[in-house]
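Nothing here was measured: the structure is a model prediction, and the numbers come from that model.
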Amino acid sequence: MLLLVINLFLTNLPAYAEPVFPGISLEIGGAEEPQEVVGSLQLLFLLTVLTLVPAILVLLTSFTRIIVVLSFVRSAMATPNTPPNQVLIGLALFLTFFTMAPVYQEVKVKALEPYLAQQVSFQEALALAEKPVKEFMFRQTREKDLALFVNLSQGPRPQSKEDVPITALIPAFVISELKTAFQMGFLIYVPFLVIDMVVASTLMSMGMFMVPPVVISLPFKLLLFVLVDGWYLVVKSLLESF
């Protein structure tokens, strides 16, 4: 229908009227110099990296631990829709930017700025940018998890951290982050579980079997969370864990 209306509108325009919509054209031509070929390949590589940004953000940063712990907080309070997913993801993103700021700054100073100043090649810039990220991941990765993927890769035994392949480091880092997040989630669940048990025992002793304990315990959970300033404690524990 929209295309039909546009067609009728354009056909009824006066002869002196200017075109309403500008023309858009995309041309792909042959490269005449080697530098143009290199530039085209770099642009193609950049577009490929941009498509992998969500996976890079989730798997190579602190985002995984933060979003899992925040989800545990919401589940422990028995409020599955409060805060909404958009709020939790937004908070997790900005906490990730905060915790990863020193790493990004080091990447900018040691890799991006020398590359833009044409002091290092593209391959050298990638190698320089990889070092700060790998150092951050090594600090958060357990040796047991890293040894698992190094042994399963059936490659040569690494003699130093620089020899560890990134393909083994990333999954080891992810499962280490998940284990840490679940440990923090367990500690978050304990006080809320105590409240549920106390409320359920009280209702049973009063003979109120038909009243759902969750309905009664929810205000007490919210009251406890507000009195101890729960979001401050959770965010503080997350930031200090890195």
Heavy-atom side-chain contact between M137 and V133 under 4.5 Å = yes

task = Establish whether L91 and F98 are linked, either directly or via other cluster members, by ILVMFWY side-chain heavy-atom contacts under 4.5 Å.
result = yes

Partner set under side chain to side chain contact (heavy atoms under 4.5 Å, CB included) for K110, not counting sequence neighbours = E106

message = Do L239 and L70 land in one hydrophobic cluster if side-chain heavy atoms of ILVMFWY residues count as linked below 4.5 Å?
response = yes

key: Nearest non-hydrogen partners of A92 and I67, listed with the distance   = CB-CD1, 4.0 Å

inquiry  = According to a hydrophobic-cluster definition based on side-chain heavy atoms being under 4.5 Å apart (Ile, Leu, Val, Met, Phe, Trp, Tyr only), do I66 and F186 belong together?
reply    = no

task = For residues F182 and F72, establish whether the separation of their ring centroids is below 6.0 Å.
result = yes

inquiry  = If I take atom CE from residue M197 and atom OG1 from residue T202, how far apart are they, to the nearest 0.5 angstrom?
reply    = 11.5 Å

request  = Taking the side chain as every heavy atom from C-beta outward, state whether I175 and F149 have any atom pair closer than 4.5 Å.
outcome  = yes

query = Taking a hydrophobic cluster as the set of Ile, Leu, Val, Met, Phe, Trp and Tyr residues connected by side-chain heavy atoms closer than 4.5 Å, whether directly or through intermediates, do L224 and V198 fall within one such cluster?
reply = no

query = Under a 4.5 Å side-chain heavy-atom rule over Ile, Leu, Val, Met, Phe, Trp and Tyr, are V235 and V87 clustered together?
reply = no

task = Please report the closest heavy-atom contact between S75 and Y189, naming both atoms and the distance.
result = CB-OH, 3.2 Å

inquiry  = Tell me whether K134 contacts the main-chain N or O of V164 through its side chain, where contact means a donor paired with an acceptor under 3.5 Å.
reply    = yes

ask   = Is there side-chain contact between V68 and E177, with at least one heavy-atom pair below 4.5 Å?
value = no

ask   = Does the side chain of Q105 come within less than 4.5 Å of V109's, by heavy atoms?
value = yes

query = Atom OG1 of T141 and atom CD1 of I170: how far apart are they, to the nearest 0.5 Å?
reply = 10.0 Å

query = Who pairs with D145 by salt bridge (Lys or Arg N to Asp or Glu O under 4.0 Å), at least two apart in sequence or on another chain?
reply = none

request  = Compare all side-chain heavy atoms of R139 with those of F242 and state whether any distance is below 4.5 angstrom.
outcome  = no

remark   = For A125 and A111, the nearest pair of non-hydrogen atoms, with its separation, is O-CB, 3.4 Å

task = Answer yes or no: is there a donor N or O on one side and an acceptor on the other, between the side chain of S176 and the main chain of R142, under 3.5 Å?
result = yes

key: Donor-acceptor contact below 3.5 Å, side chain K179 vs main chain V174   = no

ask   = Is there a side-chain hydrogen bond (donor to acceptor under 3.5 Å, both in side chains) between T82 and R74 once you walk through the steps?
value = CA-CA 7 Å; T82 305; R74 187 174 65 177; over 6 Å; no

query = Once you round to the nearest 0.5 Å, how far does OG1 of T180 lie from CG of L238?
reply = 11.0 Å

ask   = Rounded to the nearest 0.5 Å, what separation is found between the CZ atom of F136 and the CG atom of L60?
value = 9.5 Å

query = Given side chains that start at C-beta, do those of K108 and Y104 come closer than 4.5 Å, heavy atoms only?
reply = no

request  = Quick one: pull up CG in L95 and OG1 in T99 and give me the separation to the nearest 0.5 Å.
outcome  = 7.0 Å

request  = Decide yes or no for L146 and F138: does some side-chain heavy atom of the first lie under 4.5 Å from some side-chain heavy atom of the second?
outcome  = yes

Beyond-backbone contact of M100 with S62, side-chain heavy atoms, under 4.5 angstrom = yes

inquiry  = Just to verify, what does F225 make a ring pair (Phe, Tyr, Trp, His ring centres under 6.0 Å) with, not counting sequence neighbours?
reply    = W231

query = For E143, does the CD atom sit with more than 12 other heavy atoms under 6.0 Å from it, leaving out its own atoms?
reply = no

task = Show your reasoning for whether side-chain contact (heavy atoms from CB on, under 4.5 Å) applies to K221 and T79.
result = CA-CA 10 Å; K221 291 180 180 180; T79 54; over 6 Å; no

key: side-chain contact (heavy atoms from CB on, under 4.5 Å) evaluation trace for S217 with F192   = CA-CA 9 Å; S217 63; F192 296 107; over 6 Å; no

Separation between CD of E130 and CG of L128, rounded to the nearest 0.5 Å = 10.0 Å

query = Judged by atom type as modelled, is there a donor-acceptor pair below 3.5 Å linking the side chain of S153 to the main-chain atoms of V150?
reply = yes

